[in-house]
There are 2 protein chains.
Amino acid sequence: MVTHGIRGPGGRSGGRPTLEEVAARAGVGRGTVSRVVNGSPRVSQETRAAVEAAVDELGYVPNRAARALAANRTDAIALVVPEVESRFFAEPYFSDIVRGVGAALDSTEMQLLLTIVGNDRERSRLARYLAGNRVDGVLLVSVHADDPLPELLVQLDIPVVLSGRRSADEPLAWVDADNVAGARGAVAHLISRGRRTIGTITGLLDVYGAQCRLDGYRQALVEAGLDADEGLVAPADFTEEGGRRAMEELLDRRPALDAVFVASDVMAAGARQVLRERGRTVPGDVALVGFDDSAIAHRMDPPLTSVRWPIEEMGREMTRLLLAEIADRRPAGAPGDDDRRRIVLPTELVPRTSS
Amino acid sequence: MVTHGIRGPGGRSGGRPTLEEVAARAGVGRGTVSRVVNGSPRVSQETRAAVEAAVDELGYVPNRAARALAANRTDAIALVVPEVESRFFAEPYFSDIVRGVGAALDSTEMQLLLTIVGNDRERSRLARYLAGNRVDGVLLVSVHADDPLPELLVQLDIPVVLSGRRSADEPLAWVDADNVAGARGAVAHLISRGRRTIGTITGLLDVYGAQCRLDGYRQALVEAGLDADEGLVAPADFTEEGGRRAMEELLDRRPALDAVFVASDVMAAGARQVLRERGRTVPGDVALVGFDDSAIAHRMDPPLTSVRWPIEEMGREMTRLLLAEIADRRPAGAPGDDDRRRIVLPTELVPRTSS
DNA sequence: ATCACACATGGGAGCGCTCCCACAGTACCT
DNA sequence: AGGTACTGTGGGAGCGCTCCCATGTGTGAT
């Protein structure tokens with residue numbers, strides 16, 4: 001009957017122990033072993049001990065596929081990262097997020113599935129993939145407002161957590177840095193240093209976070225009773241080149257500029273080059289504050305004051321949220337306590353010589 | 001009998017179509033659908049077409065867990081990254097590797113499982129995990145010579161590919177950059193620019209790649225008939241601070257130094273600071289060449305000449321190798337063609353102002 | 001026509017789990 | 001004493017596939 005026994009060539013049969021073998025060894029039934037392995041309380045002390053002993057002796061590790069098939073869950077979550085982001089966000093952004101996620105998963109049986117989506121073809125492959133019901137939840141890194149993925153996941157009834165919101169009233173669960181407060185603090189810092197004509201270089205304004213940083217900038221000016229002159233706002237796109245162009249624009253429009261809050265370090269690097277080319281000293285003539293506290297900030301000349309946001313912690317919190325949502329999964333309908341599903345993490349100003 | 005039907009609360013039952021349903025729809029048997037889905041040639045044209053139509057209409061996606069259970073394979077590979085590496089190798093190292101791996105997996109059904117191992121506890125958890133037979137293969141990024149993981153995988157008979165070798169006669173499959181040639185080219189470049197007293201700052205010499213870079217340095221000197229004076233070699237540890245110390249040492253020992261080949265850009269950044277502090281101009285007094293061509297290289301002042309190695313391509317090649325090994329899996333014993341299992345990728349000198 | 005052999009196909013058995021029902025044993029009430 | 005209500009346990013059924021054997025069905029050689 002055991003026609004199977006020896007699987008085709010190469011098939012690792014070696015014989016990892018099965019539940020049944022553990023049960024035999026411990027002198028109990030399959031159900032009981034399953035209960036012990038899964039930490040059910042409905043097992044007596046002695047039985048539990050006997051089973052645990054058998055598990056140890058045999059070196060039993062549950063077969064994930066079998067479990068997934070029987071229980072209709074996968075014990076895996078996917079981290080979806082748009083390729084673009086993996087490239088140019090704050091330099092260590094990607095690895096920091098991953099490290100945070102990994103840390104949060106560490107005490108779990110969950111495994112992390114990584115997906116980089118570049119083009120649209122890959123995007124639809126992913127959609128197909130997720131539709132195949134192969135993960136218990138999804139972490140979505142920096143989705144853009146027009147991305148169809150979140151909607152799809154909602155329809156498939158798969159738990160999602162976003163890093164960053166797509167808008168002020170993001171309906172999905174999310175974890176975000178306090179961009180407004182971070183920007184406000186940075187600008188307040190410039191004001192406290194006596195700067196009065198403070199410009200800003202923004203990120204892509206259809207990214208909600210970029211919008212928030214601009215808002216924070218404005219709030220700080222208003223709070224200080226300064227003029228929030230629109231001529232002081234130069235929109236850019238998070239790239240170094242964009243930062244260059246915006247800085248030139250700003251300098252042309254407002255020669256008396258004495259400080260700039262730049263919405264990313266990379267753009268700040270571009271801006272700094274322009275200042276040097278135009279013979280403005282930093283921080284003498286123009287003070288500079290960046291955002292992200294990325295690797296380049298402390299290597300700039302002079303080292304760049306920047307706003308740090310806790311990327312690794314974001315990864316951790318996203319994962320916590322997701323795991324909770326997976327565990328909770330109400331009988332459907334009950335969407336859960338909304339306050340539990342949105343987390344704002346504080347930022348921190350890292351003062352250096354540029355301001 | 002269908003006691004199961006409605007799974008516990010929250011259980012997505014929604015009803016993704018199964019093989020059987022597709023079979024019914026196409027008016028064929030289960031086996032046939034399986035054959036079509038898995039691309040077996042032993043199916044007639046018409047039948048194939050009918051099945052494919054049914055698959056499309058129903059939006060059928062095979063259930064991975066069921067497949068894994070039945071076929072005793074997982075269609076997943078793990079990428080294991082030591083936490084340390086994710087932190088400080090050439091800045092975008094981690095994401096580049098991942099991107100390469102992702103690209104190679106793109107046309108496959110394989111999924112990528114990411115594991116960051118930090119401490120030893122996590123390391124043994126991983127061992128346990130892999131022992132549980134949950135992946136078809138493993139990519140190991142920058143293993144150290146004393147890491148027990150490779151051995152374990154060999155014992156478990158799980159295919160492995162390393163990025164970088166642990167020694168000259170690495171028995172496992174690997175993909176590595178041509179560190180020797182890269183270093184030799186860098187130093188030859190310095191010589192061609194008229195430099196004669198060329199020092200080097202090495203990485204941790206128990207890392208094989210660091211050793212190779214040192215060898216390349218020596219070869220270039222010998223080829224040019226220059227003196228390979230050991231006083232010109234300053235060992236460091238891949239950190240910026242290590243680079244600083246090594247540079248100071250070098251300057252103290254050989255004041256006439258007119259060039260330095262540094263085995264990583266990060267160390268070069270440290271070295272550059274020391275040169276500035278000591279009033280040596282770059283490249284006027286001392287020419288500098290780094291290694292990795294990381295993000296900081298082109299941002300240094302002056303921009304740093306560096307040796308680029310194709311990280312993303314390494315990820316791709318590792319994956320190719322691993323997939324091939326998984327597909328091949330001889331009836332055991334036959335270890336396969338060794339030349340197929342080791343790949344050396346060329347490096348490229350990126351000249352900038354520092355040399 | 002007859003046999004041999006290929007190819008195409010259907011479907012049973014089994015992968016290792018979880019879920020749940022049934023059943024024993026014990027404890028507590030009336 | 002009988003009833004009720006647990007708690008602990010065993011094991012059948014089933015998750016959705018792959019594998020393989022058995023059964024047609026067609027082709028060419030004899």
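Everything numeric in this text was worked out from a predicted model, so none of it was measured. Worth knowing before you read on, the calculation uses all heavy atoms, side chains too, and leaves out hydrogens, waters and symmetry mates. Below, chains carry the letters A, B, ... as their sequence lines are ordered, and counting in each starts from 1.
- Atom CZ of A:R42 and atom P of D:dC6 are 10 Å apart (whole Å).
- At a threshold of 4.5 Å between non-hydrogen side-chain atoms, the residues A:L345 and A:D176 do not count as touching.
- Note on A:R35: a base of the nucleic acid sits closer than 4.0 angstrom, heavy atoms only.
- For the pair A:E122 and A:R125, the salt-bridge criterion is not met [side-chain N within less than 4.0 Å of a carboxylate O].
- The distance between atom CG of A:N63 and atom C1' of D:dC15, rounded to the nearest whole Å, is 13 Å.
- Within residues 43-51 of chain B, the residues that place at least one heavy atom under 4.0 Å from DNA chain C are, in residue-number order, B:V43, B:S44, B:T47.
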Distance-only check: which donor-acceptor pairs under 3.5 Å involve side-chain atoms of residues 56-66 of chain A, not counting sequence neighbours?
unit_1, atom_1, unit_2, atom_2, d
A:E57, OE1, A:R25, NE, 2.7
A:E57, OE1, A:R25, NH2, 2.5
A:N63, OD1, A:A65, N, 2.8
A:N63, OD1, A:A66, N, 3.0
A:R64, NH2, A:D75, O, 3.0
A:R64, NH2, A:E109, O, 2.3

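- Comparing B:V28 and A:G31 by the nucleotide of DNA chain C that holds the closest heavy atom to each, the one mapping nearer the 5' end is B:V28.
- Atom-to-atom, CG of B:L69 to P of D:dC15 comes out at 13 Å; the value is rounded to the nearest Å.
- We find that CZ of B:R67 is positioned 8 Å from P of D:dC17, with the value rounded to whole Å.
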Exercise. Given B:R73 and B:D136, is the salt bridge (charged side-chain N to carboxylate O under 4.0 Å, His left out) satisfied, shown in steps?
Worked result: CA-CA 6 Å; B:R73 63 184 155 84; B:D136 294 341; 5.9 Å; no
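- Regarding contacts with the backbone of D:dT9, every side-chain N or O of A:T32 stays at 4.0 angstrom or more from both OP1 and OP2.
- Counting only heavy atoms from C-beta on, B:A71 has its side chain closest to D:dT18 among D:dT18, D:dC17, D:dC15.
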For this session: List the steps and the verdict of side-chain contact (heavy atoms from CB on, under 4.5 Å) for B:V141 and B:M314.
Result: CA-CA 10 Å; B:V141 167; B:M314 279 185 64; over 6 Å; no
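- Judged by distance alone, with hydrogens and angles left aside, B:R30 brings a side-chain donor or acceptor within reach of the base of C:dG12, the pair sitting under 3.5 Å.
- Although no hydrogens or angles enter the test, the distance criterion places a donor-acceptor pair under 3.5 Å between the side chain of A:R342 and the main chain of A:L172.
- The two atoms that bring B:R316 and B:G100 nearest to each other are CG-O, 3.3 Å, heavy atoms only.
- Across the protein-nucleic acid pair, A:R73 atom CZ and D:dG16 atom C1' stand 17 Å apart, rounded to whole Å.
- Rounding to whole angstrom units, CD of residue A:E20 and C1' of D:dG11 are separated by 9 Å.
- Using a 4.5 Å heavy-atom cutoff, the side chains of B:D147 and B:R123 are in contact.
- Looking only at distances, a side-chain donor or acceptor of B:R341 sits under 3.5 Å from a matching main-chain atom of B:P171.
- For the pair B:N72 CG and D:dC20 C1', the interatomic distance rounds to 16 Å; values are reported in whole Å.
- Atom pair B:L19:CG and C:dG11:P shows a separation of 14 Å (rounding to whole Å applied).
- An angle of 40°, rounded to 10°, separates the two end axes of the helix from C:dA1-D:dT30 to C:dT30-D:dA1, each defined over five pairs.
- For the OP1/OP2 pair of C:dT18 and a distance below 4.0 Å, the side-chain nitrogens and oxygens of A:S34 include at least one atom meeting the criterion.
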